[in-house]
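In what follows, a single structure is set out as structure tokens and then discussed.
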Amino acid sequence: MGDESEGRAPDTRVNIVAVAERAGVSPATVSRSLRGLAKVAPETRQRVLDAARELSYVPSLRAPGPAVGPQRAIAVVVPFITRWFFSTVTAGAVDFLRIHGYDVMLHHLGNAEVRDHFFEQMPLDSRVDGILTLSMPLTEEHTLALRALDIPLVSVGTSIPGSPSVGIDEAAAAGSAVNHLLHLRHRRIGFIAGEADPRFDFVSSGERRRGYERALQAAGQQVDDRLVVAGPHGLEGGASAMTQLLAGPVMPSAVFAEYDELAIGALWALRRSGLDVPGDVSVIGVDDHEMAPMVDLTTVAQNVADQGEVAARLLLQILQGEPVPSDEAVKLPTSLVLRGTTAPPADNRSASRRRAGHRPTSSTG
């Protein structure tokens, strides 16, 4: 009886796990074998190569022999390449990698179905030296699939157990925004959150919500759920959420938006409603989006391109054998950028003017 794979056309659905099962080794050993790493015994490597050929595992067909050296290619896995944050992080990473002689393979996922298919097929097996993932919420199965490749991995905006990460303190950034409003003596501070995306569950959303709540509680205020709304991603989402707040039972004197695009949409809705910013309502965001200076938006800035560059640098350090702790979590600083969309609430300004205009009189006996 011939082998079951005899005469079979190449099947691109065969993944590294199938090769590992056929060879009787772990997926990590398959990855090391196909990449020509010296720490794999020659007989084991040969068994893996034979299994790859039997299964028509085309990407991994590599002549037996000594290590062939690095591919000098990095995979960048991104959920939404068209969104400002992801495109800016990617640009920072790609520029750094190209300067250092690495090609980049960009994998744009776009939705959970594509993401799941990507991790099922795992097209990275032996084509790249390292992987950068950008704010990718991963299941335990996805994480195990990445780690089974035994390829250096660094993430941006989220943490993957056993791998270094780069980002900001999301809760602290939100707290900085809310504390600015509190220092201006605002007490009715609304929050516009990014609506939960059924495709992905981004970590930053929950952390910024927690930062908002903690800042209010630290100031002795209760979180008023009537002042919390959510809108879908983008300018229209911010406008829609702001319209909900304006129609609600409590009028906010200030609004903190989870990210700048929501804040910019909120500005549009406020001005369309005939309200003055910051005269009637103050608005602040997080990010320092490229459009923020154009609309004079007060925000908490993060250097997004730097996050991509720092992550790429960490990855190259690992590839060069430099010691990098597997749980390294690099937190880049954020900073409050004061522009024209925040001011003390109108009632406080009126009281201040009254106090300034009051002149005590003295009488003589």
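Here the structure is a predicted model, which is why all the values come from computation and not from measurement. Quick note: numbers below take in every heavy atom, side chains included, and nothing from hydrogens, waters or symmetry partners.
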Residue pair Val104 / Leu97: nearest heavy atoms and the distance that separates them
CG2-CD1, 3.9 Å
Enclosure of Gln222 CD (heavy-atom neighbours >12, cutoff 6.0 Å)
no
Under 3.5 Å: donor-acceptor pair, side chain of Asp260, backbone of Asp288:
yes
If only side-chain N and O atoms count, and only distance matters, is there a donor-acceptor pair under 3.5 Å linking Thr342 with His180?
yes
Mind checking the CD-NE2 spacing from Gln221 to His186? Nearest 0.5 Å is all I need.
11.5 Å
Test side chain to side chain contact (heavy atoms under 4.5 Å, CB included) applied to Arg272 - qualifying residues, sequence neighbours left out
Trp268
Do the non-hydrogen side-chain atoms of Ile74 and Val128 ever get within less than 4.5 Å of each other?
no
Kindly list each side-chain donor-acceptor pair under 3.5 angstrom involving residues 228-246, sequence neighbours excluded, with atom names and distances?
from, atom 1, to, atom 2, distance (Å)
Thr243, OG1, Ala239, O, 2.8
Gln244, NE2, Ala230, O, 3.4

Nearest 0.5 Å please: distance from the CG atom of Asp280 over to the CE atom of Met251.
6.5 Å
Rounded distance [0.5 Å steps], CD1 in Ile151 versus OG in Ser163:
11.5 Å
Taking every non-hydrogen atom, the tightest pair across Glu261 and Trp84
OE1-CB, 4.5 Å
Return the minimal non-hydrogen interatomic distance between Ala93 and Ala312, and the atom names on each side.
O-CB, 4.0 Å
Pair Asn303, Gln307: side-chain N/O donor-acceptor within cut-off below 3.5 Å:
no
Would you please test Ile189 and Leu227 for side chain to side chain contact (heavy atoms under 4.5 Å, CB included) and show each step?
CA-CA 7 Å; Ile189 301 174; Leu227 289 172; over 6 Å; no
At their closest point, which heavy atom of Pro293 faces which heavy atom of Arg339, and how far apart are they?
CG-NH2, 3.6 Å
What closest approach, in Å, do Ser155 and Ser159 show between heavy atoms, and which atom pair accounts for it?
OG-CA, 4.0 Å
Salt bridge flag under 4.0 Å for residues Arg210 and Glu213
no
Which heavy atom in Tyr212 sits nearest to a heavy atom in Val178, and how many Å separate them?
CD1-CG2, 3.7 Å
Give the C-alpha distance, both sets of side-chain angles, the deciding distance and a yes or no for side chain to side chain contact (heavy atoms under 4.5 Å, CB included) between Leu132 and Val89.
CA-CA 11 Å; Leu132 284 179; Val89 172; over 6 Å; no
Short side-chain to backbone donor-acceptor contact, Thr90 and Phe86, under 3.5 Å:
yes
Would you sort out whether Tyr102 and Leu319 count as a side chain to side chain contact (heavy atoms under 4.5 Å, CB included), showing the intermediate values?
CA-CA 12 Å; Tyr102 281 80; Leu319 289 171; 3.9 Å; yes
Apply the test side chain to side chain contact (heavy atoms under 4.5 Å, CB included) to residues Leu182 and Leu216: give CA-CA distance (whole Å), side-chain angles for both, the deciding distance (0.1 Å), then the verdict.
CA-CA 8 Å; Leu182 289 168; Leu216 290 179; 4.3 Å; yes
